[in-house]
Amino acid sequence: MFDWLQNHLIPCPFKALTGIDCPGCGFQRSIIALLQGNILKSWTLYPSTIPLILLFLIVGVLYRFPIKNKDFIMKILIIIVGNFIVVSYLIKMIHHH
């Protein structure tokens with residue numbers, strides 16, 4: 001199954017047009033590595049995978065249960081994960097050039 005997934009990844013249109021990785025490049029391969037149980041490889045391929053998954057899980061819990069200030073909590077978490085994605089991308093771009 002994992003071989004099939006590796007061979008059927010969705011190509012990045014941004015990278016196809018510019019030759020430059022986008023802020024999401026590596027996510028699919030990172031998910032596959034995570035599904036295989038290889039957390040270190042997943043982190044290396046796309047560090048934001050685990051924070052994004054945690055964000056989706058937490059948002060799901062916040063929507064499911066009556067929690068005070070859930071809108072504020074979600075905004076803060078989205079800002080934190082968004083900044084993590086941007087910083088990871090900038091570090092990747094600096095190291096590859």
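If you're wondering where the values come from, they're calculated on a predicted model, not measured in any experiment.
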Visitor: First locate atom CZ of Arg29, then atom NZ of Lys41, and finally report the distance between them rounded to the nearest 0.5 Å.
Guide: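 Those atoms lie 9.0 Å apart.
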
Visitor: Looking at every heavy atom in both Cys25 and Lys92, which two are closest together, and how far apart are they?
Guide: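 What the structure gives for the nearest pair is O-NZ, 3.3 Å.
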
Visitor: Do Val87 and Ile94 share a hydrophobic cluster (ILVMFWY, side-chain heavy atoms under 4.5 Å, transitive)?
Guide: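 Val87 does not cluster with Ile94.
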
Visitor: Linking Ile, Leu, Val, Met, Phe, Trp and Tyr by side-chain heavy atoms under 4.5 Å, what else ends up with Ile76?
Guide: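 Phe72, Ile80, which link up through side-chain heavy atoms under 4.5 Å apart, make up the rest of the cluster.
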
Visitor: Could you measure the distance from the CZ atom of Phe27 to the CD1 atom of Ile10? Nearest 0.5 Å is fine.
Guide: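 These two atoms lie 10.5 Å from each other.
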
Visitor: Could you see if Met74 belongs to whatever hydrophobic cluster contains Ile58? Use Ile, Leu, Val, Met, Phe, Trp, Tyr and a side-chain cutoff under 4.5 Å.
Guide: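 Looking at the clustering, Ile58 is in the same group as Met74.
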
Visitor: As a quick check of understanding, evaluate side-chain hydrogen bond (donor to acceptor under 3.5 Å, both in side chains) for Ser42 and Ser30, giving each step before the final call.
Guide: CA-CA 4 Å; Ser42 175; Ser30 176; 2.7 Å; yes

Visitor: Tell me whether Leu17 is reachable from Ile20 by hopping between hydrophobic residues (I, L, V, M, F, W, Y) whose side-chain heavy atoms are closer than 4.5 Å.
Guide: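 In one cluster: no.
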
Visitor: How close do Pro47 and Phe84 get, counting heavy atoms only, and between which atoms?
Guide: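 Scanning both residues, the minimum pair turns out to be O-CE2, 3.4 Å.
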
Visitor: Ile79: which other cluster members, linking ILVMFWY side chains closer than 4.5 Å, directly or transitively?
Guide: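 None; Ile79 is a cluster of one.
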
Visitor: Distance check, rounded to the nearest 0.5 Å: Thr49 atom OG1 versus Leu54 atom CG?
Guide: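 That separation rounds to 11.0 Å.
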
Visitor: Check the surroundings of atom CZ in Phe56: do more than 12 heavy atoms from other residues, nucleotides or ligands lie under 6.0 Å from it?
Guide: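 Not more than 12 within 6.0 Å, no.
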
Visitor: If you look at every heavy atom in Asp21 and Met93, which pair is closest and at what distance?
Guide: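 Answer, listing the atom of Asp21 first, then Met93: O-SD, 4.4 Å.
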
Visitor: Between Leu34 and Trp43, does a side-chain contact (heavy atoms from CB on, under 4.5 Å) hold up when you go through it step by step?
Guide: CA-CA 9 Å; Leu34 199 57; Trp43 181 268; over 6 Å; no

Visitor: Nearest 0.5 angstrom please: Ile50 CD1 to Leu55 CG, how far?
Guide: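 These two atoms lie 13.5 Å from each other.
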
Visitor: Do Ile31 and Leu45 belong to the same hydrophobic cluster, where Ile, Leu, Val, Met, Phe, Trp and Tyr are linked whenever their side-chain heavy atoms lie under 4.5 Å apart, directly or via other members?
Guide: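 Per the 4.5 Å side-chain linkage, Ile31 and Leu45 are not co-clustered.
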
Visitor: Taking it one step at a time, do Ile73 and Leu62 satisfy side-chain contact (heavy atoms from CB on, under 4.5 Å)?
Guide: CA-CA 9 Å; Ile73 294 168; Leu62 289 173; 3.8 Å; yes

Visitor: Measuring from atom NZ of Lys75 to atom NZ of Lys70, what distance do you get when rounded to the nearest 0.5 angstrom?
Guide: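 Between atom NZ of Lys75 and atom NZ of Lys70 there are 13.0 Å.
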
Visitor: Are Ile91 and Tyr89 in one and the same hydrophobic cluster, where Ile, Leu, Val, Met, Phe, Trp and Tyr link if side-chain heavy atoms are under 4.5 Å apart?
Guide: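 The answer is no; the residues belong to distinct hydrophobic clusters.
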
Visitor: Residues two or more places apart in sequence or in another chain: which of them pass side-chain contact (heavy atoms from CB on, under 4.5 Å) with Val86?
Guide: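 Once residues adjacent in sequence are excluded, the partners of Val86 under the side-chain contact (heavy atoms from CB on, under 4.5 Å) criterion are Leu90.
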
